[in-house]
Amino acid sequence: MAATSLMSALAARLFRPTQSCCLRHRPFHLATVRNEAVVISGRKLAQQIKQEVRQEVEEWVASGNKLPYLSVILVGENPASHSYVLNKTRAAADHTDERKICNAVSPDKDVDGFHVINVGRMCLDQYSMLPATPWGVWEIIKRTGIPTLGKNVVVAGRSKNVGMPIAMLLHIDGAHERPGGDAIMWILKVNGVRKKAGYITPVPGGVGPMTVAMLMKNTIIAAKKLLRLEEREVLKSKELGVATN
């Protein structure tokens, strides 16, 4: 997603909270400018999350488990994606169906949250692998203490990978398997929200670093989930062996 769109995506405008709803603590705000949105540092929040993930991975490995690793399959010709993938992948990607590739990956290993099962579970407010960018936006909102309950929230952008998932994460109430922001959602195709939004992240240093941090968090979540599945299979095999004997 373009940098300007990422900035707009977080401009989940909370139509100017009333005086009583103003934040008392703003540990991650870069600045507060009169008549402009409060600017939130995604970099600082991302560093906090990556440190949490690093500690979780160290504990995971110290317990005798393998170090989790991330594999990447690139589809299409997005210049931003190609900046870290060899050019020779282009020829193979030209004849590839993006949706088939996404669904060919195991839902349990789908750290991007693009598999149809993960998308469906997310839309039904169930536990699933969440797309990294929308999850990063949701974490910024939660960790910064921005009130969302009953607020009118505008998501600027309607893409299936960012805009729609952000709306899904923010609209649901707290009584579901995956609690949400319990907000009133509006999805619009808008730009230039700095003068109107209550809160906003800068570009660079906003949602981008959070996307990477949440991807790393998804990776350790997937590793733990797969280990649990393997342990169940081993236990099941042993039980079947005892029953056969």
Side-chain angles (χ1 to χ4, degrees), residues 45-75 81 84-85 96-143 160-162 164-182 210-245:
L45 283 169
Q47 286 297 327
Q48 176 181 315
I49 292 171
K50 284 192 285 188
Q51 181 58 39
E52 293 171 4
V53 172
R54 185 179 295 111
Q55 182 176 348
E56 193 171 356
V57 170
E58 289 174 354
E59 293 173 355
W60 171 257
V61 174
S63 299
N65 300 295
K66 292 182 179 179
L67 184 69
Y69 65 92
L70 182 65
S71 297
V72 178
I73 300 175
L74 177 68
V75 178
S81 299
Y84 65 90
V85 178
T96 307
D97 186 317
E98 181 180 359
R99 176 43 53 196
K100 286 184 178 179
I101 291 296
C102 288
N103 290 339
V105 177
S106 168
D108 296 324
K109 296 182 179 180
D110 171 35
V111 294
D112 277 319
F114 291 162
H115 193 285
V116 65
I117 290 178
N118 284 324
V119 173
R121 290 182 63 84
M122 176 188 66
C123 292
L124 293 173
D125 312 307
Q126 299 175 352
Y127 289 120
S128 67
M129 285 290 188
L130 298 175
T133 299
W135 192 17
V137 171
W138 180 220
E139 281 296 311
I140 287 176
I141 292 172
K142 289 193 298 183
R143 291 178 184 242
K160 288 182 172 58
N161 294 339
V162 178
M164 184 273 287
I166 288 174
M168 292 293 102
L169 294 176
L170 284 172
H171 92 282
I172 196 62
D173 61 38
H176 288 71
E177 185 176 322
R178 177 188 52 72
D182 206 356
M210 288 294 291
T211 298
V212 177
M214 303 321 295
L215 186 66
M216 295 301 100
K217 197 168 181 67
N218 266 344
T219 301
I220 184 63
I221 289 174
K224 290 184 174 182
K225 186 173 183 179
L226 287 170
L227 178 65
R228 287 195 295 268
L229 290 174
E230 290 174 1
E231 290 175 343
R232 288 174 191 166
E233 288 298 321
V234 171
L235 182 61
K236 185 177 180 180
S237 298
K238 289 181 178 179
E239 291 174 348
L240 288 174
V242 171
T244 302
N245 294 333

Legend entry - Sidechain-backbone polar pair: Asp173 side chain, Asp182 backbone, donor-acceptor under 3.5 Å: no

Legend entry - Under 3.5 Å donor-acceptor, Tyr127 side chain and Glu177 backbone: yes

Legend entry - Any donor-acceptor N/O pair, Asp125 side chain to Ile172 backbone, under 3.5 Å: no

Inset, instruction - Return the minimal non-hydrogen interatomic distance between Trp138 and Leu169, and the atom names on each side. - result: CB-CD1, 4.0 Å

Legend entry - Nearest-0.5 Å distance, CE of residue Met214 to OG1 of residue Thr219: 11.0 Å

Inset, instruction - Indicate yes or no: does Glu230 engage Lys66 in a salt bridge with an N to O separation below 4.0 Å. - result: no

Legend entry - Counterpart residues, side-chain contact (heavy atoms from CB on, under 4.5 Å), relative to Leu235 (two or more places apart): Glu239

Inset, instruction - Over all heavy atoms of both residues, which pair between Arg99 and Val116 is shortest? Give the atoms and the distance, please. - result: NH1-N, 4.0 Å

Inset, instruction - Look at the side chain of Arg178 and the backbone N and O of Met122, then say whether any donor-acceptor pair between them is shorter than 3.5 Å. - result: yes

Legend entry - Ile49 side chain near Met210 side chain, heavy-atom distance below 4.5 Å: yes

Inset, instruction - Measure the CG-SG distance between Asn118 and Cys123 for me, rounded to the nearest 0.5 Å. - result: 11.0 Å

Inset, instruction - Kindly compute the distance separating CG (Leu227) from CZ (Arg232), expressed to the nearest 0.5 Å. - result: 10.5 Å

Inset, instruction - Mind checking the CG-OG1 spacing from Asp112 to Thr211? Nearest 0.5 Å is all I need. - result: 10.0 Å

Legend entry - Exam field: side chain Asn65 to backbone Trp60, donor-acceptor pair closer than 3.5 Å: yes

Legend entry - Under 3.5 Å: donor-acceptor pair, side chain of Asn103, backbone of His115: no

Inset, instruction - Indicate the atoms forming the closest heavy-atom contact of Ala46 with Ala213, along with that distance. - result: O-CB, 3.9 Å

Inset, instruction - Determine the minimum heavy-atom distance between Pro68 and Val57, stating which atoms define it. - result: CD-CG1, 4.2 Å

Legend entry - Point-to-point distance, once rounded to the nearest 0.5 Å, from CZ of Arg121 to CE of Met168: 15.5 Å

Inset, instruction - Answer yes when Lys217 and Glu139 have at least one side-chain N-carboxylate O distance shorter than 4.0 Å, and no when they do not. - result: no

Legend entry - From Asn161 atom CG to Thr133 atom OG1, the distance as rounded to the nearest 0.5 Å: 8.5 Å

Legend entry - Side chain Asn218, main chain Val111, donor-acceptor under 3.5 Å: yes

Inset, instruction - Please report the C-alpha distance between Arg143 and Glu52 in whole Å, then the side-chain angles of each, then the deciding distance to 0.1 Å, and finally whether the salt bridge (charged side-chain N to carboxylate O under 4.0 Å, His left out) criterion is met. - result: CA-CA 14 Å; Arg143 291 178 184 242; Glu52 293 171 4; 3.0 Å; yes

Inset, instruction - Let me see the working for Glu56 and Lys224 under side-chain contact (heavy atoms from CB on, under 4.5 Å), right down to the final yes or no. - result: CA-CA 11 Å; Glu56 193 171 356; Lys224 290 184 174 182; 2.7 Å; yes

Inset, instruction - Check whether any side-chain heavy atom of Leu170 sits under 4.5 Å from a side-chain heavy atom of Ile141, and report yes or no. - result: yes

Inset, instruction - Looking only at non-hydrogen atoms, find the nearest pair between Pro107 and Met129 and report the distance. - result: O-CG, 4.0 Å

